[in-house]
S.K.: 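Once you've had a glance at the structure underneath, I'll fire off some questions.
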Amino acid sequence: MFFEKIAAAPADPILGLTEEFKNDPRPEKINLGVGIFKNNQGQTPILKCVKKAEEIILATEKTKSYLPIVGAPEYGKLVRELVLGRDSEIIKDDRARTAQAPGGTGALRVGADFLKQQNVTAKIWISDPTWANHMQVFGKAGLEIGRYAYYDKASQGLDFEGMKNDLRIKAKAGDAVLLHACCHNPTGIDPTPAQWEELAQLTAELGLLPFFDFAYQGFGNGIEEDALGIRTFLKHHKEILVASSFSKNFGLYNERIGAITIVSATRDDADRVFSQLKIAVRANFSNPPVHGASIVTTVLSDPELRAMWENEVKEMRDRIKEMRSLLVEKLKERNAKVDFSFINNQYGMFSFSGLSKEQVARLKTEFGIYIVGSGRISVAGITTANIDPLCDAIVKVL
């Protein structure tokens, strides 16, 4: 027998939690583990602009033939404009290339494979903490992983000095560094504009290759505003990688639509890079699925639909901010032993609550409230219906 010695793998820390939640019979249970936007009714809606785009696609689609290996050219163009800006000199100089990928995870893996296969770098530095799947994606691609400080437990903010010191002392010229472009997962803590500038200068001086995970564009301060970190780095770096995801800001979770964009120093470099990137795509999934890309392309290329999308992203962002503020307010009203006002200084779908593993375990066991063991709360899953029992439970486990 070939498979009898294979041990069962441990459950994914986030998806496994969702399975536990589904099997919990308690009607009052609350799932704040998985990163999915929910409206105040607890539903994950399809955006109105997406529905309209699908109507157009259904009426005009003429073939189900394969896309090119790197996806539709128009999709790539629109992604580059979102990431770099419509008036970007990089776009005008034709120094960037974009390949469609199945979700942000697929984009990260294609980028990781490219770095390893082309001997661009052997090591990548990743924030501590980070999204759990980062470790698998880059590790399975064969890259060595180093960690740099990010979260300061004492201040419940960014450990900026620790971050800089780790990169300055531990990282070597030629290493890559993974950065969350906005709405850091799991902490929700982002660098300030001045800190982005300092990091960009430091990493350039150290000779590091920046690789941005851009999963939440529009969920921090705005669609354009959330690209600040990337665009700041491009003032100091001629080469970067950016993995984009449209799961959150288009609500296209199960369409698995993302992209990997690589900026090179010259147009000739970009052409050679793209030729090798195609090999990484071909070996992973041959060529990408069309529907999610068609939706994004249709919305972004139609002025009316794009305006509708930008408004819907703002509505989602505002709802998350509202729940974030309400959570802080209601915990304060209950005289919680901890001052949770730091949550208002975080961005995006998640909050690093500071709750211990023991407190997280009690929330699940005693109250049917599911959050990740690190204490990460999906603020996007909080509603006006579940926020009071959530706050009551948090106060009891403190």
S.K.: Scan for salt bridge (charged side-chain N to carboxylate O under 4.0 Å, His left out) pairs involving residues 263-281, sequence neighbours excluded, and state none if there are none.
M.R.: Asp94-Arg267, Arg97-Asp271, Asp269-Arg272
S.K.: Between CD1 of Ile189 and CD1 of Ile343, what distance do you get to the nearest 0.5 Å?
M.R.: 10.5 Å
S.K.: Hydrogens and angles aside, do Trp131 and Asp213 bring a side-chain donor and acceptor to less than 3.5 Å of each other?
M.R.: no
S.K.: Would you sort out whether Arg168 and Glu205 count as a salt bridge (charged side-chain N to carboxylate O under 4.0 Å, His left out), showing the intermediate values?
M.R.: CA-CA 9 Å; Arg168 188 181 290 113; Glu205 290 167 7; over 6 Å; no
S.K.: Are Ile279 and Val273 in one and the same hydrophobic cluster, where Ile, Leu, Val, Met, Phe, Trp and Tyr link if side-chain heavy atoms are under 4.5 Å apart?
M.R.: no
S.K.: For residues 104-116, which residue pairs qualify under side chain to side chain donor-acceptor pair (under 3.5 Å), counting only residues two or more places apart or in two chains?
M.R.: Arg109-Asp113, Asp113-Asn284
S.K.: With hydrophobic residues grouped by side-chain heavy-atom distances under 4.5 Å, do Leu305 and Leu78 end up in a single group?
M.R.: yes
S.K.: What pairs with Glu61 under salt bridge (charged side-chain N to carboxylate O under 4.0 Å, His left out), at least two apart in sequence or on another chain?
M.R.: Lys64
S.K.: Out of curiosity, Phe211 CZ to Leu241 CG, how far, rounded to the nearest 0.5 Å?
M.R.: 5.0 Å
S.K.: May I ask you to check whether Asn185 and Arg376 show a side-chain donor-acceptor distance below 3.5 Å?
M.R.: yes
S.K.: Say whether Gln156 and Asp152, considering side chains only, have a donor N or O and an acceptor N or O under 3.5 Å apart.
M.R.: no
S.K.: Mark yes or no: Lys248 above the aromatic ring of Phe37, with NZ or CZ under 6.0 Å from the six-membered ring centre and no more than 45 degrees from the axis.
M.R.: no
S.K.: Pairing donors with acceptors under 3.5 angstrom, does anything connect the side chains of His236 and Thr203?
M.R.: no
S.K.: Do Ser264 and Arg95 get their side chains close enough for a donor-acceptor pair, meaning under 3.5 Å?
M.R.: no
S.K.: With hydrophobic residues grouped by side-chain heavy-atom distances under 4.5 Å, do Phe285 and Leu67 end up in a single group?
M.R.: no
S.K.: For this output row, return yes or no: ring centroids of Tyr347 and Phe219 closer than 6.0 angstrom.
M.R.: no
S.K.: Between Ser351 and Gln346, does the side chain to side chain donor-acceptor pair (under 3.5 Å) criterion hold? Intermediate values first, please.
M.R.: CA-CA 7 Å; Ser351 168; Gln346 300 168 350; 2.8 Å; yes
S.K.: Going by ring-ring contact (aromatic ring centres under 6.0 Å, His included), name the residues that satisfy it together with Phe212, two or more places apart in sequence or in a different chain.
M.R.: Phe233
S.K.: Are a donor atom and an acceptor atom from the side chains of Ser294 and His291 found within less than 3.5 Å of each other?
M.R.: no
S.K.: Kindly determine whether Glu161 and Lys164 satisfy salt bridge (charged side-chain N to carboxylate O under 4.0 Å, His left out), including the steps that lead there.
M.R.: CA-CA 5 Å; Glu161 294 304 315; Lys164 290 188 297 180; 3.1 Å; yes
S.K.: Could you give me the CA-CA distance, side-chain angles and deciding distance for Glu315 and Asn311, then say whether side chain to side chain donor-acceptor pair (under 3.5 Å) is met?
M.R.: CA-CA 6 Å; Glu315 288 175 353; Asn311 185 61; 3.2 Å; yes
S.K.: According to side chain to side chain donor-acceptor pair (under 3.5 Å), does anything in residues 297-306 pair up with another residue at least two apart or in another chain? List the pairs.
M.R.: Arg306-Glu310
S.K.: Is it true that the side chains of Arg256 and Ser247 contain a donor and an acceptor less than 3.5 Å apart?
M.R.: yes
S.K.: Are Asn40 and Thr384 close enough that a side-chain donor and a side-chain acceptor fall under 3.5 Å?
M.R.: yes
S.K.: What's the separation between atom OH in Tyr150 and atom CZ in Phe160, rounded to the nearest 0.5 Å?
M.R.: 10.0 Å
S.K.: How long is the gap from CG on Leu326 to CD1 on Ile387, to the nearest 0.5 Å?
M.R.: 3.5 Å
S.K.: Mind running side chain to side chain donor-acceptor pair (under 3.5 Å) on Ser127 and His134 for me, showing each step along the way?
M.R.: CA-CA 10 Å; Ser127 69; His134 280 151; over 6 Å; no
S.K.: Distance check, rounded to the nearest 0.5 Å: Leu17 atom CG versus Asn31 atom CG?
M.R.: 6.5 Å
S.K.: What residues, two or more places apart in sequence or in another chain, satisfy side chain to side chain donor-acceptor pair (under 3.5 Å) together with Asn221?
M.R.: none
S.K.: Applying a strict under-4.5 Å side-chain criterion to I, L, V, M, F, W and Y, I'd like to know whether Phe114 and Val70 cluster together.
M.R.: yes
S.K.: Of Leu331, Val338, Asn335, Leu390, which is the lone residue that meets side-chain contact (heavy atoms from CB on, under 4.5 Å) with Val395?
M.R.: Leu331
S.K.: If you measure from CD on Glu89 to CG on Asp87, what distance do you get to the nearest 0.5 Å?
M.R.: 8.5 Å
S.K.: If you look at every heavy atom in Lys38 and Gly381, which pair is closest and at what distance?
M.R.: CD-CA, 4.3 Å
